[in-house]
Amino acid sequence: MAGEDNFFQKVYEVVRLIPYGRVTSYGAVARYLGSSRSARMVGWALNSSHNMDDIPAHRVVNRMGMLTGKHHFGGTSAMQQMLESEGVKVKGNTVCNFQGLLWDPNTEL
DNA sequence: CCCGTGACGGGGG
DNA sequence: CCCCCCGCCACGG
């Protein structure tokens, strides 16, 4: 049914809500889902979201704002390209003004 | 079945 | 400030 109890489904639902031009972190999503220590599973879930084009996985970075998952987007700059195409600047491997662009489901939702 | 690994994060030394 | 370990849990070898 819609709203399955699956952890993966819940991850997808939250990630889908990340606004254009904003970003969040694996840990923030995990915390919002009630298991703050399962940030790793959030990454695993997004790993399986490659076929779903309605999941903006590129808007999820680690708690420091680093693009730790860029290697899973094909090239080495695909993730960065996607972010910059929506106005999110990336310096080196980190999102510029991360705190300012951070969309934390725990406080925003 | 045991073990290493991973898109993480917090805590401790 | 850096490094290591632990919790989490699915998967492949």
Side-chain angles (χ1 to χ4, degrees):
Chain A
M1 309 298 112
E4 297 221 6
D5 265 8
N6 305 12
F7 185 74
F8 279 33
Q9 277 305 316
K10 290 185 175 178
V11 170
Y12 301 147
E13 287 172 28
V14 178
V15 173
R16 259 193 288 259
L17 299 177
I18 306 172
Y20 182 92
R22 303 289 297 283
V23 295
T24 193
S25 72
Y26 303 97
V29 174
R31 218 176 309 132
Y32 179 72
L33 296 182
S35 32
S36 57
R37 292 167 235 175
S38 300
R40 258 178 149 149
M41 292 299 99
V42 173
W44 187 255
L46 294 180
N47 205 28
S48 304
S49 74
H50 256 275
N51 279 321
M52 319 169 201
D53 42 341
D54 60 322
I55 311 292
H58 61 284
R59 296 182 190 146
V60 186
V61 296
N62 80 350
R63 69 159 168 161
M64 306 305 285
M66 296 191 279
L67 283 55
T68 49
K70 69 175 183 180
H71 207 55
H72 292 266
F73 284 81
T76 44
S77 58
M79 184 178 184
Q80 180 169 340
Q81 297 283 312
M82 294 169 84
L83 285 171
E84 298 194 314
S85 76
E86 47 186 86
V88 178
K89 292 181 182 175
V90 178
K91 177 118 183 179
N93 201 42
T94 307
V95 170
C96 296
N97 186 27
F98 175 58
Q99 286 304 319
L101 295 177
L102 178 60
W103 178 84
D104 186 342
N106 296 284
T107 58
E108 310 263 12
L109 226 43

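Sequence lines set the chain letters: A, B, ... in the order given, protein chains first and strands last, and positions in each chain run from 1.
Within the 4.5 Å cutoff, the side chain of A:Leu67 has no heavy atoms near those of the A:Thr94 side chain. By the 4.5 Å heavy-atom criterion applied to side chains, A:Thr24 and A:Pro105 are counted as neighbours. Looking at A:Leu17 and A:Leu109, their side chains come closer than 4.5 Å, going by heavy atoms from C-beta outward. In this structure the side chain of A:Phe98 reaches within 4.5 angstrom of the side chain of A:Val61, judged on heavy atoms. When side chains are defined from C-beta on, A:Ile55 counts as touching A:Leu46, because their heavy atoms get closer than 4.5 Å.
Here the CE-NZ distance, from A:Met79 to A:Lys70, works out to 9.5 Å after rounding to the nearest 0.5 Å. Between the CZ atom of A:Phe8 and the OG atom of A:Ser48 there is a distance of 4.5 Å, given to the nearest 0.5 Å. A distance of 12.5 Å separates CD of A:Gln81 from CZ of A:Phe73, quoted to the nearest 0.5 Å.
Using a 4.0 Å cutoff on non-hydrogen atoms, no part of residues 81-93 of chain A comes near DNA chain B. The stretch residues 20-28 of chain A comes close to DNA chain B through A:Ser25, A:Tyr26, A:Gly27, each having a heavy atom under 4.0 Å from the strand.
Counting only residues at least two apart or in different chains, salt bridge (charged side-chain N to carboxylate O under 4.0 Å, His left out) contacts with residues 77-92 of chain A comprise A:Arg59-A:Glu86.
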Please tabulate the protein-to-nucleotide N/O contacts below 3.5 Å involving nucleotides 10-13 of chain B, giving atom names and distances.
none

Under 3.5 Å, N/O pairs linking protein and nucleotides 7-12 of chain C:
| from | atom 1 | to | atom 2 | distance (Å) |
| --- | --- | --- | --- | --- |
| C:dG7 | O6 | A:Arg40 | NH1 | 2.7 |
| C:dC8 | O4' | A:Arg37 | O | 3.2 |

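Residues satisfying the side-chain contact (heavy atoms from CB on, under 4.5 Å) test with A:Ser25, not counting sequence neighbours, are A:Ala28. Annotation: salt bridge (Lys or Arg N to Asp or Glu O under 4.0 Å) contacts of A:Asp54 (sequence neighbours excluded): A:Arg16. Applying the side-chain contact (heavy atoms from CB on, under 4.5 Å) rule to A:His72 yields the partners A:Asn47, A:His50; only residues at least two apart in sequence or on another chain are considered. A:Glu108 meets the salt bridge (Lys or Arg N to Asp or Glu O under 4.0 Å) test with A:Arg22; sequence neighbours excluded. Scanning for side-chain contact (heavy atoms from CB on, under 4.5 Å) contacts around A:Thr68 gives A:Tyr26, A:Asn62, A:Met66, with sequence neighbours left out. A:Arg31 meets the side chain to side chain donor-acceptor pair (under 3.5 Å) test with no other residue; sequence neighbours excluded.
Using a 4.0 Å heavy-atom cutoff across all strands shown, A:Asn62 reaches sugar-phosphate atoms only and no base atom.
Separating the CD1 atom of A:Ile18 from the C1' atom of B:dA7 is a distance of 13 Å, rounded to the nearest angstrom. Distance NZ (A:Lys70) to P (B:dC8): 13 Å, rounded to an integer number of Å. Rounding to whole angstrom units, CD of residue A:Gln80 and C1' of B:dA7 are separated by 16 Å. We find that NE2 of A:His71 is positioned 14 Å from C1' of B:dT5, with the value rounded to whole Å. Taking atom CG of residue A:Leu33 and atom C1' of nucleotide B:dG9, one finds them 15 Å apart after rounding to whole Å.
Hydrophobic clustering, with ILVMFWY side chains joined whenever heavy atoms are under 4.5 angstrom apart, keeps A:Met64 apart from A:Val95.
Both key distances under 3.5 Å define a Watson-Crick or G-U pair, and stretches of 3 or more such consecutive pairs in DNA chain C run B:2-6 with C:9-13, B:8-13 with C:2-7.
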